[in-house]
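In what follows, residues are counted from 1 in the order of the sequence shown.
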Amino acid sequence: MKKRLVLSTLVLFPVYVLFFYLYLFHWTSPDVPQAYKGSAADPVTFMTAQEMALSQEYSQYRNLLYFIGLPFEILIYIAVLVFGWSPVFKRFGERVSKLSFIKIPIYVLLLSTVVWLISFPLDFIGYRLSFQYGISTQNFSSWMRDELISFWVGFIIMGLLITVLYILMKKTQKRWWLYAWLLLIPFFTFMMYIQPVWIDPLYNEFTELKDPVLEEKILTLAHQADIPADRVFEVDMSEKTNAMNAYVNGIGSNLRIVLWDTTLNQLDDGETLFIMAHEIGHYVMNHLYMNLGGVILSSLAGLYITYLLLHVVIRKWGDEFGVKSVSDISSLPVLFLLLTVLSIISTPIESAISRQAERSADEYAIEMRPDREAAIGSFQQLTINGRSEVNPPALVKFFRYGHPTMMERIIMLEEYEKEQ
């Protein structure tokens with residue numbers, strides 16, 4: 001089994017990378033369809049030749065890096081199993097302590113460190129690529145700080161979740177997936193509640209919007225939509241990126257309306273208000289809660305399928321990998337491998353659902369702020385600043401785009417104008 005895995009990886013992964021290189025660089029074109037030539041969705045009408053060239057180059061490299069990284073974590077877990085690292089991690093944890101709430105987090109820390117170190121070159125290439133093409137403005141030390149914060153926040157959360165999960169596995173071999181899911185429901189809700197005020201500020205400084213006139217206009221839109229907000233937050237993203245963003249996040253008393261300062265610097269008030277109307281649309285249409293419900297339901301399906309497959313894999317190949325049972329912590333790489341595969345398979349479905357929600361928010365925004373020129377201008381500026389493709393290849397759209405393409409969004413606005 002180990003030899004087959006190694007040989008398959010050595011043969012199939014280069015073929016996989018070659019396919020996506022040819023697909024992105026030779027088999028697809030960024031041009032808009034003939035019907036949209038000369039329209040507001042055609043980059044020729046709002047981008048310089050240099051901007052179009054940089055956007056195409058950056059998008060091609062970034063998309064290739066994404067598809068290389070897509071199965072990369074799977075390969076890392078395969079390597080951990082094939083080279084016998086998993087039992088080593090387990091024995092190290094047991095030498096430190098026999099207590100589950102200590103030895104399991106130690107195992108998680110060792111596995112997380114290996115994954116982070118092996119993945120680091122790809123992450124660094126992504127950072128350098130973004131910096132080279134003018135998206136990132138973040139120096140290396142600041143970027144590393146964010147990487148380390150993400151690592152330790154992720155470890156703390158994962159260490160807690162995995163400890164509880166494996167204790168449940170030992171207690172009940174047939175229902176652990178169900179009990180784990182039931183515990184995830186309050187956990188997901190709690191994380192959604194605390195993220196705006198506890199986690200997000202770890203990365204950036206949030207202050208009250210410095211423009212009181214614009215803040216009043218945004219709060220007027222919010223109050224029209226019955227959003228319980230009395231202030232708008234500005235976050236200092238210009239120290240890290242030239243990209244733009246805005247969002248309404250959190251639930252209950254922790255709900256926040258947030259604007260990146262890059263958005264304020266690059267867009268005029270009309271364009272900014274359209275972007276905020278889009279984000280308000282998400283709140284009005286309960287997309288935040290629908291996302292939470294989607295995560296809860298998909299986690300139920302994912303845990304149950306993983307439960308079924310995990311038993312099959314451990315029964316057939318557990319001895320070969322040094323894994324004694326499903327409840328043995330050394331089975332964690334198998335668990336993560338299966339969850340990663342399921343995540344990849346579900347990505348196009350999740351992206352399609354997200355694109356529909358984003359289209360609905362666009363429609364809500366243009367109804368709330370019927371300023372077609374400002375709406376189109378905001379999308380065009382987002383494209384320029386993000387070095388984005390207006391019309392990405394189909395596979396890129398299906399896997400990477402949680403929003404409609406810029407071509408689709410701008411054409412929708414033009415068609416909206418014709419319908420009025």
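- At distances below 3.5 Å, at least one donor-acceptor pair connects side-chain atoms of Y166 with backbone N or O atoms of L332.
- Note on residues 275-286: pairs passing side chain to side chain donor-acceptor pair (under 3.5 Å), not counting sequence neighbours, are H278-H282, H278-E358, H278-D362, H282-H287, H282-E358.
- Listed by chain and number, the residues in a side-chain hydrogen bond (donor to acceptor under 3.5 Å, both in side chains) with R387 amount to none (sequence neighbours excluded).
- For E73, the side-chain hydrogen bond (donor to acceptor under 3.5 Å, both in side chains) partners two or more places apart in sequence, or in a different chain, are Y77.
- Considering S112, S330, S86 as possible partners of Y107, the one that fulfils the side chain to side chain donor-acceptor pair (under 3.5 Å) test is S86.
- Partners of K171 under the side chain to side chain contact (heavy atoms under 4.5 Å, CB included) rule, at least two apart in sequence or in another chain, are I167.
- Looking only at distances, no side-chain donor or acceptor of T241 sits under 3.5 Å from a matching main-chain atom of M237.
- Between the E389 side chain and the Q56 main chain, no donor and acceptor come within less than 3.5 Å of each other.
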Intermediate values then yes/no, side chain to side chain contact (heavy atoms under 4.5 Å, CB included), Y36 and I410:
CA-CA 10 Å; Y36 302 138; I410 293 174; over 6 Å; no
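- Side-chain contact check for S55 and Y133: no donor-acceptor pair (N or O, by modelled atom type) lies under 3.5 Å.
- Heavy atoms from other residues, nucleotides or ligands lying under 6.0 Å from CD of E373 number 12 at most.
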Under 3.5 Å, which donor-acceptor pairs link side chains of residues 394-401 to any protein atom two or more places apart or in another chain?
unit_1	atom_1	unit_2	atom_2	d
K397	NZ	E408	OE2	2.6
R400	NH1	N63	OD1	2.8

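- Here L300 contributes atom CG and W181 contributes atom CH2; the two are 5.0 Å apart, rounded to the nearest 0.5 Å.
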Distance-only donor-acceptor pairs under 3.5 Å for side chains of residues 5-19, two or more places apart:
unit_1	atom_1	unit_2	atom_2	d
S8	OG	R4	O	2.7
T9	OG1	L5	O	2.8
Y16	OH	F67	O	2.5

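- Judged by distance alone, the side chain of N385 and the main-chain N or O of N242 form a donor-acceptor pair under 3.5 Å.
- The salt bridge (charged side-chain N to carboxylate O under 4.0 Å, His left out) pairs that include a residue from residues 127-153 are D146-K240, where partners are two or more places apart or lie in different chains.
- Within the structure, side chain to side chain donor-acceptor pair (under 3.5 Å) contacts touching residues 256-272 (residues at least two apart or in different chains) are S238-D261.
- One distance of note links OG1 of T172 with CG of L178; it measures 9.0 Å at 0.5 Å rounding.
- Summarising the geometry, atom CG belonging to L259 is positioned 5.0 Å from atom CG belonging to L264; distances are rounded to the nearest 0.5 Å.
- One N or O on the side chain of S346 and one on the backbone of S343 form a donor-acceptor pair closer than 3.5 Å.
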Audit row: R231, E215, salt bridge (Lys or Arg N to Asp or Glu O under 4.0 Å) steps and yes/no:
CA-CA 7 Å; R231 62 188 299 194; E215 181 179 44; 5.6 Å; no
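- Taking the six-membered ring where the residue is Trp, the centroids of Y179 and W176 are separated by 6.0 Å or more.
- In this structure the side chain of S39 reaches within 4.5 angstrom of the side chain of E414, judged on heavy atoms.
- Closest of all the heavy-atom pairs between Q380 and A40 is NE2-O, 3.0 Å.
- Of the possible polar contacts, none joining the T45 side chain to the A41 backbone as a donor-acceptor pair under 3.5 Å is found.
- In this structure, the side chain of D328 does not engage the main chain of S331 through any donor-acceptor pair within 3.5 Å.
- For the pair S354 (side chain) and G402 (backbone), a donor-acceptor distance under 3.5 Å is present.
- A donor-acceptor contact shorter than 3.5 Å is absent between the side chain of T405 and the backbone of N391.
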Can you check side chain to side chain contact (heavy atoms under 4.5 Å, CB included) on L273 and I218, steps first, answer last?
CA-CA 7 Å; L273 288 172; I218 293 172; 3.8 Å; yes
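- Interatomic distance, CG of L75 versus CG of L337, reported as 9.0 Å (0.5 Å rounding).
- Checked against side-chain hydrogen bond (donor to acceptor under 3.5 Å, both in side chains), R359 has the following partners two or more places apart in sequence or in another chain: E363.
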Would you be so kind as to tabulate the donor-acceptor pairs closer than 3.5 Å made by side chains of residues 117-127, with sequence neighbours excluded?
unit_1	atom_1	unit_2	atom_2	d
S119	OG	V115	O	2.8
Y127	OH	Q138	O	2.7
Y127	OH	F140	N	3.1

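- N291 meets the side-chain hydrogen bond (donor to acceptor under 3.5 Å, both in side chains) test with no other residue; sequence neighbours excluded.
- W177 places no side-chain N or O within donor-acceptor distance of the main-chain N or O of G302, the cut-off being under 3.5 Å.
- Taking both residues in full, the closest heavy atoms of V248 and I280 are given as CG2-N, 4.3 Å, listed atom of the first, atom of the second, then distance.
- We find the CD-CG distance between Q60 and L24 to be 7.0 Å, quoted to the nearest 0.5 Å.
- Side-chain contact between L255 and N249 is absent, with no heavy atoms from C-beta onward closer than 4.5 Å.
- Residue Y23 places its OH atom among more than 12 non-hydrogen atoms of other residues, nucleotides or ligands, all under 6.0 Å distant.
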Could you go step by step and tell me if L413 and R409 meet the side chain to side chain contact (heavy atoms under 4.5 Å, CB included) rule?
CA-CA 7 Å; L413 293 173; R409 301 179 84 177; 5.9 Å; no
Let me check something: any side-chain donor-acceptor pairs from residues 196-205 under 3.5 Å, sequence neighbours excluded? List them with distances.
unit_1	atom_1	unit_2	atom_2	d
D200	OD1	Q195	NE2	3.4
Y203	OH	S150	OG	3.0

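- Looking at I257 and F233, their side chains never come closer than 4.5 Å, going by heavy atoms from C-beta outward.
- Across every non-hydrogen atom of V326 and M169, the tightest pair is O-SD, 3.6 Å.
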